[in-house]
Amino acid sequence: NMFSFISIVLSFAGVLLIVSMAGAGDFNPWGYVVVLFSNGVWIYYCYFTNRRKVSATSTVFLFYQLVGCTILLIPYMLLHPLDVPALADWKVIWQLAFMIILHGILDYYLFIFAVGKLDVVVTNISVNLVPIVALLCNYLFFNELISAAQAAGTALVIFAVMLSSRAVGK
């Protein structure tokens, strides 16, 4: 319906505001293409997971997602090798552990659970809360400032989640 479409657009605009201000507002058009593409992939993933009403557990879906991500990351890692000395810094190790545990495992486990319980649009837009959590964690743990555009983006995403929830009555 129209509320779902509006909430998707508002949520995407909010994510763009949050992401565009990361890294001192560097403009990279490919970054915006990736964000747009990732939203499309999330929508497809929601429909795929929601329609696949089999007895597979969330752990099985996480395993398939891990295999898919690994296959997609191998070409990137071959083209852009890791800076191994940078991995010795405790701040880098802390950030990687934080991202792996909270964003890589817990988020996706809860996401897969939510897809089975909520509307696909609500679930997809709720995933856009992840940049807000990352923004707040960067502020709390790493003393990064939040710009006015990022605050506006946060408000847009939260409003979009509320609008999409109201549109489906959940």
Q: Does a side-chain heavy-atom distance below 4.5 Å link Leu17 with Thr154?
A: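 With C-beta onward as the side chain, the pair stays apart.
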Q: Taking Pro131 as the fixed residue, which of Val157, Leu16, Ile18 is the one that meets the side chain to side chain contact (heavy atoms under 4.5 Å, CB included) rule?
A: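 Answer to the side chain to side chain contact (heavy atoms under 4.5 Å, CB included) test with Pro131 among Val157, Leu16, Ile18: Ile18.
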Q: Can you see which heavy atom on Leu10 is nearest to which on Leu163, and at what distance?
A: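 Distance-wise, the nearest heavy atoms are CD1-CD2, 4.4 Å.
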Q: For Ser164 versus Ser7, what's the shortest heavy-atom pair and its separation?
A: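 Where Ser164 meets Ser7 most closely, the heavy atoms are CB-OG, 3.4 Å.
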Q: Just checking Phe142: does its CZ atom have more than 12 heavy atoms from other residues, nucleotides or ligands closer to it than 6.0 angstrom?
A: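 Correct, the count exceeds 12.
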Q: Just wondering, more than 12 heavy atoms not from Leu79 lying within 6.0 Å of its CG?
A: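 Counting neighbours around CG of Leu79, more than 12 heavy atoms of other residues, nucleotides or ligands fall under 6.0 Å, so yes.
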Q: Group every Ile, Leu, Val, Met, Phe, Trp and Tyr by side-chain heavy-atom contacts under 4.5 Å, then state whether Leu156 and Ile6 land in the same group.
A: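 Looking at the clustering, Ile6 is in the same group as Leu156.
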Q: If you define the side chain from C-beta out and look only at heavy atoms, does anything of Val133 sit under 4.5 Å from Cys137?
A: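 Yes, their side chains come closer than 4.5 Å.
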Q: Test of understanding: with side chain to side chain contact (heavy atoms under 4.5 Å, CB included), list the residues that count as partners of Leu136, not counting sequence neighbours.
A: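 Listed in chain order: Ile132, Ile146.
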Q: Going hydrophobic residue to hydrophobic residue with side-chain gaps under 4.5 angstrom, can you get from Leu135 over to Leu145?
A: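 The answer is no; the residues belong to distinct hydrophobic clusters.
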Q: For a side chain to side chain contact (heavy atoms under 4.5 Å, CB included) check, start with the C-alpha distance between Ile158 and Leu129, then their side-chain angles and the critical distance, and finish with the verdict.
A: CA-CA 7 Å; Ile158 291 171; Leu129 294 170; 4.3 Å; yes
